[in-house]
Amino acid sequence: MKQALRPLLLALALVGLSLTGQAARHKGKPLRVACIGNSITYGYLLPDREQQAYPALLQRMLGERYEVGNFGKSGATLLERGHRPYVQQDEYRQALAYKADIAVIHLGVNDTDPRNWPNYRDEFVPNYRHLIDTLRAINPKVRILIARTTPIGAEHPRFESGTRDWQTEIQHAIDQVSRGAGVQLIDLHEPLYPYPHYLPDAIHPDPAGAAILARTVYGAITGDYGGLQLPAVYTDGMVLQRDRPLTLRGRANAGEEVRVSLKGQRFTTRATEDGRWTLQLPPHAAGGPYRLDIATKTKALALRDIYFGEVWLCSGQSNMAMMLRETDTRQQAASASDSLLRIYDMKPAHATDPVSWPVSFLDSLNRLEYYLPARWQRTTPETAASLSAVAYHFARELRDSLGVPVGIIVNAVGGAPTEAWIDRASLEEELPGLLRHWRSNDFIMPWVRQRASENVKLKDSPLTRHPYAPHYLFDTGIRPLEHYALRGVLWYQGESNAHNIEVHERLFPLLVKSWRSYFGAPLPFYYVQLSSINRPSWPHFRDSQRRMQRPSEGLEMIVSSDHGDPKDVHPRQKQPLGHRLALLALYNDYGYRSLEARSPEVARITRQGGELFLSFVHTSALRTSDGQPLRGFELLTEDGLVHPVEARVQGAEVRLTVPTQLQGGRLTVRYAWRPYTDANLVGRTGLPVSTFSLSEGYVRP
């Protein structure tokens, strides 16, 4: 029981230990803080380490009531049999002689060296405990804080040969030490993790990175995290997901009691020692308006005009970002007033057009400040006109069908590649090479790289952040949503990855997995297949998108090739796409099972005599979209040659007449296999058939 209560008791103690109180207990003498560590503590590679190393910054934050000593040693290991044991260095002896009141220990980064961890990993915990015991022997009242190690970037030459995995194991060992020795744990990994550009050599923080470390250690020592705070997505007018337990998250000073009131119900929790708090509320039916009150002893927040309803996240690149006023249904904005269709529209501060950005904005990018501040808003003619057209038409249809409040979050970015939306840890595990070479690789289209280079050409660092960089949009567009409860996700993207299908087939499932893990739910994920345009790789890419569907897992696609444009990557007809996405949601998630919600798909291909029979599912009958003869089919022979074929519709089947000269070999049927296609096969209600390439004998899984 005592061990279980330790974190809470420590957090309470932190709050009680005000700066004045600490100083009083030491009879006016400053409290001595010993920063023990390696080159990161020392300040290696900083232009002015005496002023910029995190202990120096910490001294200025803590003020005169504290005295901070820097006892960092470059290359030092925690392991006593490592290649440079800290306990054998002069800095260690100086730290002991300092007789600190507070000791902050950050060791373990250099223990990832292949000379160290593979040989002596079993000694890490005992060695760490020995260091802690020695500090306590010098001063039995010393307060000890140990840190999870700062990140090591994928650019490190040994990242894949062991460093990545060994650092994870070391972090677990540090957690063990914290629990076993009863010392406070600081996480120096998580605050710096979204900022690889602050680690120019993949290990050592630059001045901005050192400032993050100083702020983190300051909070851990003082318990001061700036008081009660909520994620930015929590504002007046928000829509919360109905009929599901609701987890609220925020920050407060360590140990502060957090009180929440909603619909006459009251709840309490307490901030942990790292200033985080969470509280789970019971499910609520659709309705509102309500008021949500959240308060601590020193601060109160009130969120008004809140509703429970359906919440969807709409993301991707420019075709999702394309505003209603830019489409063929722009006139609908004039009558778009709806107080129960709420919008959280995250607009980029600068569009990713091929123009040079000002230096001031590049500095904002480095701070992960890409989106303009957003607030939940009601739908008005003005807000609707600038909203994603696909998102608007989807939400409008849900509102009409369900009769409940609907909230739409939009954070799409023109030109953004898939990898920009995936969290860093997932990329480090699956595609670390992409992290190292995003400016000079073949993962993305050349125009994507060129546009990014044009945007940041005034910066000469290869690590300057850009919205197209791996994991950047996850960090700026997804992480700020702080696990906000969603019903599902709409995704319209692929243009920037269309020439490297094989890599995209790894990236897209990784993105879905990443988001589902982050939001903590197997979210329905509905995506738009690329349309038609005269770009050579697009038939292959559309077919790849078709193959990646997993309806049983909530991963489904709508077809858009019938609304393409041979020269414009931004077709103006977006209402049909919003409608098709709404059909999937209504059918799968809201019980409208009588709808024909999916495009017809081939169930099997068989040969009978001189004909191939293609049987389709998801429709009761097939037809052509324009009443003209069926177009878009061709045959591919085993020698790789393409042949035209006569095709006709019969019920829910398509029959292909195989030319006599082709009847001896195995055939592949291709449909809509043109970059820009006028193929015209649709289901009973007009939903178009996807581009496909399927071999004779195919049976749908």
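Taking Arg378 as the reference, Asp305 meet the salt bridge (charged side-chain N to carboxylate O under 4.0 Å, His left out) condition, with sequence neighbours excluded. With sequence neighbours excluded, no residue forms a salt bridge (charged side-chain N to carboxylate O under 4.0 Å, His left out) with Glu495. Residues that satisfy the salt bridge (charged side-chain N to carboxylate O under 4.0 Å, His left out) test with Glu553, not counting sequence neighbours, are absent from this structure. Every residue two or more places apart in sequence or in another chain that forms a side chain to side chain donor-acceptor pair (under 3.5 Å) with Thr380 is listed here: Glu382, Thr383. By the salt bridge (charged side-chain N to carboxylate O under 4.0 Å, His left out) test, Arg325 pairs with no residue at all, sequence neighbours left out.
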Exercise for review: Could you check Thr352 against Tyr468 for side-chain hydrogen bond (donor to acceptor under 3.5 Å, both in side chains), going step by step and ending with a plain yes or no?
Suggested key: CA-CA 9 Å; Thr352 50; Tyr468 296 169; 2.8 Å; yes
Exercise for review: Starting from the C-alpha separation in whole Å, work towards a yes-or-no answer on salt bridge (Lys or Arg N to Asp or Glu O under 4.0 Å) for Arg572 and Glu326.
Suggested key: CA-CA 7 Å; Arg572 296 297 188 261; Glu326 299 171 316; over 6 Å; no
Point to revise | From CA spacing to verdict: side-chain hydrogen bond (donor to acceptor under 3.5 Å, both in side chains), Thr418, Gln493 | key: CA-CA 7 Å; Thr418 307; Gln493 191 274 342; 2.9 Å; yes
Exercise for review: Go through the steps to decide whether Glu556 and Asn588 satisfy the test side-chain hydrogen bond (donor to acceptor under 3.5 Å, both in side chains), and finish with yes or no.
Suggested key: CA-CA 10 Å; Glu556 294 200 53; Asn588 289 327; 2.8 Å; yes
**Study point:** Verdict with reasoning, Phe508 to Tyr527, per ring pair (Phe, Tyr, Trp, His ring centres under 6.0 Å)
**Key:** CA-CA 11 Å; Phe508 181 62; Tyr527 61 100; 4.9 Å; yes
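Judged by distance alone, with hydrogens and angles left aside, the side-chain atoms of Tyr370 form no donor-acceptor pair with the main-chain N or O of Pro467 at under 3.5 Å. Distance alone, capped at 3.5 Å, places no donor-acceptor pair between the His643 side chain and the Glu634 backbone. Judged by distance alone, the side chain of Arg487 and the main-chain N or O of Val311 form no donor-acceptor pair under 3.5 Å. Between the side chain of Arg593 and the main chain of Tyr587, a donor-acceptor pair closer than 3.5 Å is present. Looking only at distances, a side-chain donor or acceptor of Arg542 sits under 3.5 Å from a matching main-chain atom of Ser531. A donor-acceptor pair under 3.5 Å links the side-chain atoms of Ser532 to the main chain of Ser561, judged by distance alone. Glu696 places no side-chain N or O within donor-acceptor distance of the main-chain N or O of Ile605, the cut-off being under 3.5 Å. Under a 3.5 Å cut-off, the side chain of Asn680 and the backbone N or O of Pro629 do form a donor-acceptor pair. Arg598 places no side-chain N or O within donor-acceptor distance of the main-chain N or O of Val617, the cut-off being under 3.5 Å. Ser560 places a side-chain N or O within 3.5 Å of a backbone atom of Gln529 that can act as its donor or acceptor partner.
You'll find the side chain of Ile408 reaches within 4.5 Å of the side chain of Cys314, heavy atoms only. Side chains of Arg396 and Gln575 form no contact here, defined as non-hydrogen atoms less than 4.5 Å apart. Side-chain contact check for His483 versus Tyr518: some heavy-atom pair is nearer than 4.5 Å.
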Could you give the side-chain donor-acceptor pairs of residues 473-480 under 3.5 Å, partners two or more places apart or in another chain?
from   : atom 1 : to     : atom 2 : distance (Å)
Asp475 : OD1    : Arg479 : NE     : 3.3
Asp475 : OD1    : Arg479 : NH2    : 3.0
Asp475 : OD2    : His471 : ND1    : 2.7
Thr476 : OG1    : Tyr472 : O      : 3.0

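Other residues, nucleotides and ligands place no more than 12 heavy atoms under 6.0 Å from the CZ atom of Arg604. Other residues, nucleotides and ligands contribute at most 12 non-hydrogen atoms within 6.0 Å of the CD atom of Glu646.
Rounding to the nearest 0.5 Å gives a distance of 11.0 Å between NE2 of His504 and CG of Leu510. For the atom pair CD of Glu419 and CG of Asn497, the computed distance is 5.0 Å after rounding to the nearest 0.5 Å.
Here the two rings, on Trp357 and His466, have centers that are under 6.0 Å apart.
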